[in-house]
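See structure below.
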Amino acid sequence: MTEPEPEPGAAPKAAGGSSKATGPVAEMDQSSSAAAEDGPTGRFWSCRRVPAALVAVVVLGAAGLLLYDVAAVRADRRAMQWRRSLADHLAEWRLDETGVLAVSAAVALLGLVLVAVALTPGLRALLTMRTGRAGVRAALDREAAALVLRDRAMEVSGVQSVRVKMRRSKASVRARSHFRPLDEVRADLDTALGAGLKELGLARPPALAVQVGRPSARKK
């Protein structure tokens with residue numbers, strides 16, 4: 001006897017003759033993808049290879065030169081001329097002099113800048129996106145995001161010109177409308193730009209601030 005062929009669209013049967021439902025599998029896939037979206041969404045860190053290399057070269061050169069001179073003095077040789085001159089100048093300077101205070105302030109400011117550069121991520125022009133995959137990270141340039149929002153705003157009826165300034169925590173939109181009531185244009189812009197921000201897929205969507213006004217009258 002031959003078994004009847006399965007109807008089109010019917011679920012395939014297992015070896016024991018019972019069919020398995022695909023609903024729980026689809027639900028598991030959706031839950032796993034939703035869990036993958038909750039992965040790390042922190043900011044991208046800049047490598048800063050050039051500043052680090054320059055600082056390393058300067059520190060290494062100064063330390064090597066000073067170590068060589070100290071070793072030479074310990075070997076009963078005369079110190080280098082630059083170190084003798086520097087020691088003489090330092091012996092004559094007073095701590096309350098303007099030059100000493102200015103140099104100290106500049107060095108302290110430089111140290112604070114280096115510490116801030118080392119502890120901050122950098123790459124402020126990149127906005128972190130949701131990827132939906134574990135171990136995969138993506139980012140969107142702020143200028144590209146502002147361009148997308150500008151295009152969405154120009155599609156609103158009554159909008160003549162738009163300026164978008166995209167920050168990490170706030171998207172500022174200034175629009176000019178040459179007809180229609182301003183309240184209606186603002187409401188349409190809020191709806192369109194809110195949908196545009198969701199479509200960008202950002203991990204931390206910025207707040208939206210919309211300002212609508214009339215174009216300025218040109219002087220003849």
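- M80 is listed as a side-chain neighbour of Y68, based on a closest heavy-atom distance under 4.5 Å.
- Residues P206 and L202 are in side-chain contact: their nearest non-hydrogen atoms beyond the backbone lie under 4.5 Å apart.
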side-chain contact (heavy atoms from CB on, under 4.5 Å) between W82 and L65, intermediate numbers included: CA-CA 11 Å; W82 65 270; L65 186 61; 4.0 Å; yes

Verdict with supporting geometry, H178 and V159, side-chain contact (heavy atoms from CB on, under 4.5 Å): CA-CA 7 Å; H178 55 293; V159 175; over 6 Å; no

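- The distance from the CD atom of E97 to the CD atom of E92 is 9.5 Å, given to the nearest 0.5 Å.
- R83 is listed as a side-chain neighbour of V73, based on a closest heavy-atom distance under 4.5 Å.
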Worked verdict on V156 versus R180 for side-chain contact (heavy atoms from CB on, under 4.5 Å): CA-CA 11 Å; V156 176; R180 293 184 66 196; 4.2 Å; yes

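- To the nearest 0.5 Å, atom CZ of residue R152 and atom CG of residue L147 are 13.0 Å apart.
- Under a hydrophobic clustering in which Ile, Leu, Val, Met, Phe, Trp and Tyr are joined whenever their side-chain heavy atoms come within less than 4.5 Å, directly or via other members, L66 and V55 fall into different clusters.
- Distance check, rounded to the nearest 0.5 Å: CG of D69 to CZ of R84 gives 9.0 Å.
- The minimum heavy-atom distance linking L208 with G194 is given by the pair CD2-N, 4.0 Å.
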side-chain contact (heavy atoms from CB on, under 4.5 Å) between L54 and V58, worked out: CA-CA 6 Å; L54 292 178; V58 171; 5.5 Å; no

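- Residue L200 comes nearest to A145 through the heavy atom pair CD1-CB, 4.0 Å, listed as atom of the first residue, atom of the second, then distance.
- At least one side-chain heavy atom of R214 sits under 4.5 Å from a side-chain heavy atom of S177.
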Going by atom type alone, with no hydrogens or angles, which donor-acceptor pairs under 3.5 Å involve a side-chain atom of residues 163-175 and a protein atom two or more places apart or on another chain?
| from | atom 1 | to | atom 2 | distance (Å) |
| --- | --- | --- | --- | --- |
| R167 | NH1 | S172 | OG | 3.4 |
| R168 | NH1 | L126 | O | 2.6 |

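- Considering CG of L189 and CD of E155, their distance stands at 11.0 Å, rounded to 0.5 Å.
- With hydrogens and angles disregarded, no donor-acceptor distance shorter than 3.5 Å links the side chain of R142 to the backbone of L127.
- Distance CD/E199 to CG/L149: 10.0 Å, rounded to 0.5 Å.
- Using a 4.5 Å cut-off on side-chain heavy atoms (C-beta onward), D188 and S157 make no contact.
- Counting all heavy atoms, side chain and backbone alike, V210 lies closest to R186 at O-NE, 4.2 Å.
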